[in-house]
Amino acid sequence: MPKSRIRKKDDFTPPPVKQQNLKLVTGRRWVAPVMLALFLIGLAWIVVFYVTSGDMPVESLHNWNIVVGFGFIAAGFVVSTQWK
């Protein structure tokens, strides 16, 4: 039976270096200021409601003012998902 040839292994050649694109994404600059503004508006709404014993910001909403404040904060979290 004939003996099989031994194959010579090729020398190791490292894979080519990929060039990285250093392209800055500038389309989402509005996200951070809007997010922070919504957080602060929601916090201020709740604080004003408690400090004024329910007379402000909107007296006719009564305790629903808390929900409005948390709504602003929740909207801030929704906007934060757009941040890259």
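Keep in mind that this is a model prediction, so the values were computed, not measured.
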Under 3.5 Å, which donor-acceptor pairs do the side chains of residues 67-80 form with other protein atoms, sequence neighbours left out?
{"residue": "S80", "atom": "OG", "partner": "F77", "partner atom": "O", "Å": "2.6"}

Listed pairs under 3.5 Å, donor-acceptor, residues 35-48 side chains, sequence neighbours left out:
{"residue": "W45", "atom": "NE1", "partner": "N65", "partner atom": "O", "Å": "3.3"}
{"residue": "W45", "atom": "NE1", "partner": "N65", "partner atom": "OD1", "Å": "3.2"}

Show me the donor-acceptor pairs, under 3.5 Å and distance only, between side chains in residues 55-62 and residues at least two apart or in other chains.
none

